[in-house]
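All remarks here apply to the structure that follows.
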Amino acid sequence: MTEKQRKLDDRYLRMARIWAENSYCERRKVGALVVKDKMIISDGYNGTPTGFENVCEDENNVSKPYVLHAEANAITKLARSNNNSDGATIYITASPCIECAKLIIQAGIKRVVYGENYRLTDGIELLKRAGIEVLLMENKD
């Protein structure tokens, strides 16, 4: 990877971290940006579906089953636009779960750059199996 690409990856991942601040989730705030040809074509953060209350956890502090992950929000937002993600890179503040990994594969995204490991690794393993480039860039702050 070139130094220029590493710097771009770092900047987009920092932007995804800032975007995660939009989440109403208390347990974990996750942000995602889809970038193609050096343009941000979609964004997302974890939260409830449009029109639902902005409360992600139940009274036991467990995530509600209908909370959308940041990656799912960014990819489904693309479906409602004139953009497509063939060959794009997705920047995510945390590694994707297996369900989001399946969406990433089907969306034609070719690179995944993420900032921290999620407790499960099956999503990353599936992406690698699909030939998608995966890069962990931990926060240096």
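Residues passing the side chain to side chain donor-acceptor pair (under 3.5 Å) test with N46, sequence neighbours excluded: S23. Residues satisfying the salt bridge (charged side-chain N to carboxylate O under 4.0 Å, His left out) test with E21, not counting sequence neighbours, are none. For K36, the side chain to side chain donor-acceptor pair (under 3.5 Å) partners at least two apart in sequence or on another chain are N84. Residues meeting the salt bridge (charged side-chain N to carboxylate O under 4.0 Å, His left out) test with E125, sequence neighbours left out: none. With sequence neighbours left out, E57 forms a side chain to side chain donor-acceptor pair (under 3.5 Å) with no residue at all. For R28, the salt bridge (charged side-chain N to carboxylate O under 4.0 Å, His left out) test picks out E116, with sequence neighbours left out. In this structure, the disulfide (SG to SG under 2.5 Å) partners of C56, at least two apart in sequence or on a different chain, are C25. Not a single salt bridge (charged side-chain N to carboxylate O under 4.0 Å, His left out) links E59 to another residue, sequence neighbours left out. Residues satisfying the ring-ring contact (aromatic ring centres under 6.0 Å, His included) criterion with Y24, sequence neighbours excluded, are absent altogether. Evaluation of the ring-ring contact (aromatic ring centres under 6.0 Å, His included) rule for Y12 yields Y91 as partners, not counting sequence neighbours. Residues passing the side chain to side chain donor-acceptor pair (under 3.5 Å) test with K102, sequence neighbours excluded: E99.
Proximity of I41 to L78: side-chain heavy atoms (C-beta onward) are separated by under 4.5 Å at one or more points. Using a 4.5 Å cut-off on side-chain heavy atoms (C-beta onward), N61 and R27 make contact. Two residues are said to be in side-chain contact when any heavy atoms from C-beta on lie closer than 4.5 Å; T48 and L68 fail this criterion. Taking the side chain as every heavy atom from C-beta outward, Y118 and C97 approach each other to under 4.5 Å. Within the 4.5 Å cutoff, no side-chain heavy atoms of V113 are placed close to those of I90. Using a 4.5 Å cut-off on side-chain heavy atoms (C-beta onward), R111 and D9 make contact.
Listed for the S85 side chain is a donor-acceptor partner under 3.5 Å among the backbone atoms of A107. The closest donor-acceptor contact from the side chain of N60 to the backbone of V62 lies at 3.5 Å or more, if one exists at all. Remark: the backbone N or O of G31 is paired with a side-chain donor or acceptor of T93 at under 3.5 angstrom.
Residues I104 and V35 are members of separate hydrophobic clusters, defined by side-chain heavy-atom contacts under 4.5 angstrom among Ile, Leu, Val, Met, Phe, Trp and Tyr. A continuous path of Ile, Leu, Val, Met, Phe, Trp and Tyr side chains, each step under 4.5 Å between heavy atoms, connects V30 with V112, placing both in one hydrophobic cluster. Residue V134 is grouped with residue I98 when hydrophobic side chains (ILVMFWY) are merged at heavy-atom distances under 4.5 angstrom, including chains of intermediate members.
Other residues, nucleotides and ligands contribute more than 12 heavy atoms inside 6.0 Å of the NZ atom of K64. Remark: Q5 CD is packed, more than 12 non-hydrogen atoms of other residues, nucleotides or ligands lying under 6.0 Å away.
Screening residues 70-82 for side-chain hydrogen bond (donor to acceptor under 3.5 Å, both in side chains), with sequence neighbours left out, gives D43-K77.
A salt bridge does not link R6 to D10: none of the charged side-chain nitrogens sits closer than 4.0 Å to a carboxylate oxygen.
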